[in-house]
There are 2 protein chains.
Amino acid sequence: MTVTSRGGDHAASPPSGTRERIQAVALRLFSEQGYESTSMRQIAEELGFTKAALYYHFKSKEDIVRALLETMRSEVADLVMWAGSQEPGPDLRRQVIARWTAIMQHQGLRMFRFLSSNYRLVRDIRSDSGQREGMAAAMGRLFAVLTPPNASVEDRLRARFALLVINMTGMASRDIEADEDEILAATARISASLLPPEF
Amino acid sequence: MTVTSRGGDHAASPPSGTRERIQAVALRLFSEQGYESTSMRQIAEELGFTKAALYYHFKSKEDIVRALLETMRSEVADLVMWAGSQEPGPDLRRQVIARWTAIMQHQGLRMFRFLSSNYRLVRDIRSDSGQREGMAAAMGRLFAVLTPPNASVEDRLRARFALLVINMTGMASRDIEADEDEILAATARISASLLPPEF
DNA sequence: GTCTATAGGCCGATAGAC
DNA sequence: GTCTATCGGCCTATAGAC
């Protein structure tokens with residue numbers, strides 16, 4: 001998955017890993033400082049080379065965002081595909097919460113932070129690149145796993161909040177002194193209690 | 001409250017309302033487009049004058065942020081003071097949710113969006129202005145109203161999530177087709193169900 | 001209170017050498 | 001793949017006229 005072309009040569013070139021390193025650094029800086037206040041120069045210097053070298057790997061700053069979006073989209077799509085292959089039921093819903101938590105502990109939290117702080121940027125980038133299916137659609141299919149077919153508005157909201165509280169854990173626990181593990185376990189219980197009742 | 005000085009003359013000058021109009025426009029643009037991509041020129045033109053005139057009212061762009069922070073801080077402090085004067089109990093907790101919802105429907109949602117997208121900026125601005133008590137402290141006292149004295153980690157998280165879901169309603173309901181009123185009512189029920197049980 | 005004009009700096013992006 | 005050098009543009013902020 002994610003077969004995007006290099007800047008200089010063609011597709012599927014030997015995996016130097018430079019693009020991935022650029023993406024990771026860029027995502028970290030975007031989520032910590034904001035997209036606009038992170039310059040191409042800063043990203044490059046953090047990686048030990050100059051801005052011009054960066055433009056060899058990505059043809060523009062927005063192109064880095066496009067790559068980040070594709071990475072996250074494919075991660076969500078994978079989770080949805082896995083969920084679609086399982087038996088529906090309370091057990092599946094608990095496992096979706098666990099997997100979502102795992103994604104959010106990887107690069108996901110940074111990604112989520114970036115997405116919610118740059119709604120317009122992301123929307124505008126995605127609308128000019130004719131993408132097959134966006135992350136919003138993938139999220140919609142994920143929520144469908146968590147809700148009965150003709151769920152009420154409240155139940156549909158509950159499904160969305162059940163995943164959102166996981167993303168908000170950092171913000172909510174900033175002033176709570178307790179191990180991270182205890183906080184994550186408590187959040188998982190709260191998330192499960194938010195899910196709409198059995199169906 | 002909020003007796004900050006004008007740019008040109010001294011304190012308590014006649015309420016031309018220009019500062020307030022500048023704050024409102026700036027907050028809207030900051031929350032919609034981001035702080036960095038909103039320029040002083042754009043704020044000024046939206047109000048029908050030029051950038052230089054803006055610098056008469058606020059000595060810098062960060063100074064606008066300082067004024068916005070003070071406005072929000074005093075709103076939270078007022079809510080905390082009111083809650084402190086009431087009888088504790090389930091009824092008070094429901095009313096705090098209702099008042100929080102009201103604040104968030106005023107300028108609060110924009111403020112919250114701005115705060116969570118510009119954590120570093122806000123922290124750096126507040127640390128060099130020696131402010132008596134920050135918003136974080138005011139929020140802490142608000143959470144205390146919603147939790148028993150020696151609450152568990154889970155209950156403390158529940159209190160924070162109960163308020164956070166109200167701020168997250170817009171994001172969670174983006175793909176749900178229903179009136180705003182129905183969504184708000186459902187969110188209020190979910191928020192109440194998140195509060196830690198009676199104490 | 002609002003204006004024009006400008007200083008001084010950083011930005012994204014490109015050209016072309018190595 | 002990485003570099004130096006540069007372009008054109010927009011930014012925050014200030015000076016000084018009205």
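Order of the sequence lines fixes the chain letters, A, B, ..., with proteins taken first and strands second; residue numbering starts at 1 for each chain.
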Inset, instruction - Nearest whole angstrom, please: distance from the C1' of C:dT2 to the CD1 of B:Ile22. - result: 12 Å
Inset, instruction - Send over the distance from A:Lys59 NZ to C:dT14 P, rounded to a whole Å. - result: 9 Å
Legend entry - Cationic N near anionic O, under 4.0 Å, A:Arg66 to A:Glu70: no
Inset, instruction - Please round to the nearest 0.5 Å and tell me the distance separating atom NZ of B:Lys61 and atom OH of B:Tyr35. - result: 5.0 Å
Legend entry - Whole-Å distance separating the CD atom of A:Glu45 from the C1' atom of C:dC10: 13 Å
Inset, instruction - In whole angstrom, give the distance that lies between atom CG of A:Leu54 and atom P of D:dT2. - result: 10 Å
Inset, instruction - Return the residues of residues 29-44 of chain A meeting this criterion: a heavy atom under 4.0 Å from some atom of DNA chain C. Order them by number, or give none. - result: A:Thr38, A:Ser39, A:Met40, A:Arg41
Inset, instruction - Classify every nucleotide of nucleotides 4-9 of chain D by which part a protein heavy atom approaches to under 4.0 Å, writing B for the base, S for the sugar-phosphate alone and - for neither, in 5'-to-3' order. - result: B-----
Inset, instruction - Go through D:dT2, C:dA13, D:dA13 for me and flag the one nearest to the A:Phe49 side chain. - result: D:dT2
Legend entry - Ionic contact status for B:Arg156 with A:Asp175, cut-off 4.0 Å: no
Inset, instruction - State, yes or no, whether a side-chain contact exists between B:Leu164 and A:Phe161 at a heavy-atom distance under 4.5 Å. - result: no
Inset, instruction - State whether a side-chain donor-acceptor pair under 3.5 Å links B:Ser37 with A:Arg120. - result: no
Inset, instruction - Would you indicate, yes or no, if D:dT2 has its OP1 or OP2 atom less than 4.0 angstrom from a side-chain nitrogen or oxygen of A:Tyr56? - result: no
Legend entry - Min side-chain heavy-atom separation B:Val25-B:Arg21 under 4.5 Å: no
Legend entry - Separation of atom CD in B:Glu62 from atom P in D:dC11, rounded to whole Å: 17 Å
Inset, instruction - Return the value, rounded to whole Å, for the distance between atom CZ of A:Phe58 and atom P of D:dT2. - result: 13 Å
Legend entry - Distance, rounded to the nearest Å, where A:Leu121 contributes CG and C:dG12 contributes P: 13 Å
Inset, instruction - Working to the nearest 0.5 Å, report the span between CG of A:Leu184 and OG of A:Ser191. - result: 11.5 Å
Legend entry - Gap between atom CZ of A:Arg93 and atom CD of A:Gln86 - 0.5 Å precision: 14.0 Å
Legend entry - Residue pairs, two or more places apart or on separate chains, that pass salt bridge (charged side-chain N to carboxylate O under 4.0 Å, His left out) and touch residues 102-115 of chain A: none
Inset, instruction - Rounded off to whole Å, could you give me the OH-to-P distance for the B:Tyr55 and D:dC11 pair? - result: 11 Å
